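All values derive from a computational prediction rather than experimental measurement. Here is how names work: the chains are called A, B, and so on, in the same order as the sequence lines, proteins then strands, and each is numbered from 1.
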Protein chains: 2
Amino acid sequence: MRDQADTKDLSVGAWTKRCYFAGRALMDERLRPFDLGSTQWYVLWYLVNNGPSVQRDLGRALELERATLSGIIATLVRKGLIVQKSDGGDQRQRLLTLTAAGEALWRRIPDLSFIHDAAFGGIDEADLATTIRVLKSATERLQTLLRKD
Amino acid sequence: MRDQADTKDLSVGAWTKRCYFAGRALMDERLRPFDLGSTQWYVLWYLVNNGPSVQRDLGRALELERATLSGIIATLVRKGLIVQKSDGGDQRQRLLTLTAAGEALWRRIPDLSFIHDAAFGGIDEADLATTIRVLKSATERLQTLLRKD
DNA sequence: TTCATTTCGTTCGCTACCATACGATAGTTG
DNA sequence: CAACTATCGTATGGTAGCGAACGAAATGAA
């Protein structure tokens with residue numbers, strides 16, 4: 001909403017979009033040499049920090065739909081970075097595990113926490129707290145609206 | 001990043017994502033009976049408020065890449081809601097105009113401004129201002145990083 | 001005028017995301 | 001036990017979004 005559209009009345013919604021996509025784009029930029037997308041990176045990140053996991057937990061943690069996650073996992077499997085094997089337990093679910101190639105790739109990937117620092121690091125603590133509070137309540141209101149309407 | 005991932009240290013980035021997707025999902029929910037996506041709605045909204053426009057202006061206003069907008073416009077043309085015709089001026093650009101069907105559809109669509117109101121309406125003005133300021137500076141820092149790195 | 005550069009839109013190939021429907025397995029209740 | 005229900009993952013088909021490459025048209029410089 002730039003140009004002839006009024007820049008002045010950009011809503012918070014517009015800024016959330018900008019902020020989200022800017023962050024994603026920055027991650028994608030950094031990950032491109034490794035042929036990895038930002039969401040793929042999050043999956044690896046989760047497996048590195050939580051060990052072998054089932055798709056259900058991964059989906060809940062990253063807040064992705066089952067169908068979405070299925071596609072992403074298929075991509076990672078195709079790349080040989082993770083494997084799905086069913087352990088002895090629930091036969092519906094498959095355990096996701098990093099392959100040696102996946103672990104090797106992870107070691108080569110730079111730390112992406114600088115993205116968060118770059119975006120919010122130099123901002124006053126009180127401002128940050130306010131922002132989180134506002135976004136949190138906004139999100140919760142929207143999600144309430146979504147659920148029971 | 002819920003569940004066994006620590007909920008407590010959810011970053012602003014995580015809330016931005018949630019907030020953005022919650023808003024989009026809510027719009028999509030409302031627009032589904034009309035077989036319209038939220039971004040498609042924004043295109044119609046722009047044309048209603050700005051009259052026949054060229055793709056360039058639309059893209060800048062909605063902050064969409066040319067390639068992205070091309071696809072969206074193709075969809076809307078296929079649905080018969082808008083048409084592309086080249087006026088006498090610059091032969092590279094096409095003028096986008098609502099069809100009668102497009103205008104008729106627009107009249108049937110409910111006002112979606114309530115989404116913004118529901119999300120941010122009841123929040124203290126000072127908080128809102130702070131939030132916008134923080135998100136704005138965060139975005140600008142990220143985009144600066146993206147451009148020259 | 002000619003040539004180089006820029007701009008506008010399209011096309012292609014890809015990831016991400018969701019809704020829907022489906023099959024298979026688990027759990028529950030009669 | 002059988003039948004119902006819930007859950008997990010997959011497959012399909014659609015929109016959204018971007019990068020890269022392209023042709024066409026406009027613009028600027030030699």
Side-chain angles (χ1 to χ4, degrees), chain A residues 3 17-18 20-44 53-60 62-79 81-82 84-96 146, chain B residues 17-18 20-29 31-44 53-60 62-79 81-82 84-96 143 146-147:
Chain A
D3 253 20
K17 174 190 168 184
R18 279 195 187 182
Y20 173 70
F21 279 116
R24 287 298 206 172
L26 191 52
M27 293 185 67
D28 287 338
E29 190 89 357
R30 295 311 185 111
L31 291 170
R32 193 162 307 142
F34 306 96
D35 188 30
L36 214 61
S38 49
T39 306
Q40 295 175 25
W41 181 88
Y42 275 116
V43 171
L44 298 186
S53 316
V54 287
Q55 203 159 317
R56 181 181 60 90
D57 295 334
L58 198 51
R60 287 184 179 163
L62 303 182
E63 301 189 345
L64 296 172
E65 294 292 318
R66 278 170 302 161
T68 302
L69 196 50
S70 252
I72 294 165
I73 285 175
T75 303
L76 289 172
V77 167
R78 198 181 340 116
K79 290 180 181 173
L81 301 177
I82 65 176
Q84 305 171 286
K85 39 182 177 182
S86 50
D87 62 343
D90 192 325
Q91 283 310 109
R92 290 169 303 182
Q93 52 194 27
R94 327 259 158 101
L95 209 56
L96 301 174
L146 259 184
Chain B
K17 174 191 168 185
R18 281 194 186 182
Y20 173 69
F21 278 117
R24 287 299 207 171
L26 191 52
M27 292 186 69
D28 287 339
E29 190 89 356
L31 291 170
R32 193 162 309 141
F34 305 97
D35 188 29
L36 214 61
S38 49
T39 306
Q40 295 174 26
W41 181 86
Y42 275 115
V43 171
L44 298 186
S53 315
V54 287
Q55 202 159 317
R56 181 181 59 91
D57 296 334
L58 198 51
R60 287 185 180 164
L62 303 181
E63 299 190 345
L64 296 172
E65 294 293 318
R66 280 170 301 163
T68 303
L69 196 50
S70 254
I72 294 165
I73 285 175
T75 303
L76 288 173
V77 168
R78 198 178 342 114
K79 289 181 181 175
L81 300 177
I82 65 176
Q84 304 171 287
K85 39 184 178 183
S86 51
D87 62 344
D90 192 325
Q91 282 311 107
R92 291 170 303 181
Q93 53 195 26
R94 327 256 158 104
L95 209 56
L96 301 175
Q143 289 184 339
L146 260 182
R147 272 190 286 267

Determine the contact category for Thr39(A): base if any of its heavy atoms lies under 4.0 Å from a base atom, sugar-phosphate if only primed atoms, P, OP1 or OP2 are that close, otherwise nothing.
sugar-phosphate
For Ser38(A), what residues pass the side-chain hydrogen bond (donor to acceptor under 3.5 Å, both in side chains) criterion, not counting sequence neighbours?
Arg24(A), Asp28(A)
Once you round it to whole Å, what is the distance between P of dT15(C) and NZ of Lys79(A)?
6 Å
Distance check needed: dA16(D) C1' versus Arg24(B) CZ, whole Å only.
9 Å
Between Gln84(A), Arg94(A), Arg66(A), which is the residue that forms a side chain to side chain contact (heavy atoms under 4.5 Å, CB included) with Gln55(A)?
Gln84(A)
Separation of dG17(D) atom C1' from Leu26(A) atom CG, nearest Å, is 17 Å
Which of these, Leu81(B), Leu76(B), Leu96(B), sits in a side chain to side chain contact (heavy atoms under 4.5 Å, CB included) with Val43(B)?
Leu76(B)
Is the shortest side-chain N/O distance from Tyr20(A) to OP1 or OP2 of dA16(D) below 4.0 Å?
no
Atom CG of Leu58(A) and atom C1' of dT7(D): how far apart are they, to the nearest Å?
17 Å
Of the listed nucleotides dG17(D), dA26(C), dA25(D), the one nearest the side chain of Asp90(A):
dA26(C)
In whole angstrom, what separates Arg60(A)'s CZ from dT7(D)'s C1'?
9 Å
Are the side chains of Thr39(B) and Leu62(B) in contact, using a 4.5 Å heavy-atom criterion?
no
What string of B, S and - do you get for nucleotides 9-14 of chain C, 5' to 3', when a contact is any protein heavy atom under 4.0 Å?
BBB---
Between Asp87(A) and Gln91(A), what is the shortest heavy-atom contact and its length?
O-OE1, 3.4 Å
Starting at the 5' end of DNA chain D and moving along, which residue's nearest nucleotide shows up first, Lys17(A) or Leu95(A)?
Leu95(A)
Plane angle bin for Tyr20(A) and Tyr20(B) - parallel if under 30°, tilted between 30 and 60°, otherwise perpendicular
parallel
To the nearest angstrom, how far is Asp87(B) atom CG from dA25(D) atom C1'?
14 Å
Ignoring hydrogens and geometry, is there a side-chain-to-backbone donor-acceptor pair from Lys17(B) to Lys17(A) under 3.5 Å?
no
Please state how far atom CD1 in Ile72(A) lies from atom P in dG9(D), giving the value in whole angstrom units.
14 Å
N/O (side chain, Thr68(B)) to phosphate O (OP1/OP2, dC18(D)) under 4.0 Å:
yes
Protein-nucleotide distance (Leu31(B), atom CG; dA16(D), atom P), rounded to Å:
11 Å
